[in-house]
Amino acid sequence: METTANIFRNSDIIVSYKPCICINAERCIRQLSDVFSNNVIPWVNLENTNTKKIIKQIKKCPSGALKFSLAKNTVN
């Protein structure tokens, strides 16, 4: 997994995080702690579950601080 500032990526997905938008509801951490954690750095680990679960959780972000795009080599 590659990380650059607040961008996290693997071969399937690219996740961006905008801390200035985040309302710290911690929904991501509570509902998908395999990927999102406030106890480790980097706090997003895309290797711990499948891409569909990550996308489903990002769509639940109440502030929109988490966004995703599929990597170009991903086939649906």
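Nothing fancy with the numbering, it's 1 onward along the sequence.
The closest side-chain heavy-atom distance from Cys20 to Cys22 is not below 4.5 Å. Between Cys28 and Leu66, the closest side-chain pair of non-hydrogen atoms falls below 4.5 Å. Within the 4.5 Å cutoff, side-chain heavy atoms of Ile55 are placed close to those of Leu70. Between Arg9 and Val15 there is no side-chain heavy-atom pair separated by less than 4.5 Å. With contacts defined as side-chain heavy-atom distances shorter than 4.5 Å, the pair Lys18/Asn6 does not qualify. Two residues are said to be in side-chain contact when any heavy atoms from C-beta on lie closer than 4.5 Å; Pro62 and Arg27 meet this criterion. In this structure, the side chains of Thr51 and Ile13 come closer than 4.5 Å at one or more pairs of heavy atoms.
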With side chain to side chain contact (heavy atoms under 4.5 Å, CB included) as the criterion, how do Ile54 and Val35 come out once you've worked through the C-alpha distance, each side chain's angles and the decisive distance to 0.1 Å? CA-CA 8 Å; Ile54 295 169; Val35 174; 4.0 Å; yes
Show your reasoning for whether side chain to side chain contact (heavy atoms under 4.5 Å, CB included) applies to Lys59 and Lys56. CA-CA 5 Å; Lys59 287 181 176 180; Lys56 184 177 179 182; 6.0 Å; no
Show, in sequence, the C-alpha distance, side-chain angles and deciding distance for Phe36 and Ile58, and conclude whether the side chain to side chain contact (heavy atoms under 4.5 Å, CB included) test is met. CA-CA 10 Å; Phe36 303 99; Ile58 289 172; 4.2 Å; yes
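Asp12 and Asn10 get closest at one heavy-atom pair: N-OD1, 2.7 Å.
Distance check, rounded to the nearest 0.5 Å: OG of Ser63 to CD1 of Ile21 gives 7.0 Å. Note that the CD1 atom of Ile29 and the CD atom of Gln57 stand 10.5 Å from one another [nearest 0.5 Å]. One distance of note links NZ of Lys53 with CG of Asp34; it measures 7.5 Å at 0.5 Å rounding.
In this structure, Phe8 and Trp43 have perpendicular ring planes: the angle between them is above 60°, well past the 30° mark.
At least one donor-acceptor pair closer than 3.5 Å links the side chain of Arg30 to the backbone N or O of Ala25.
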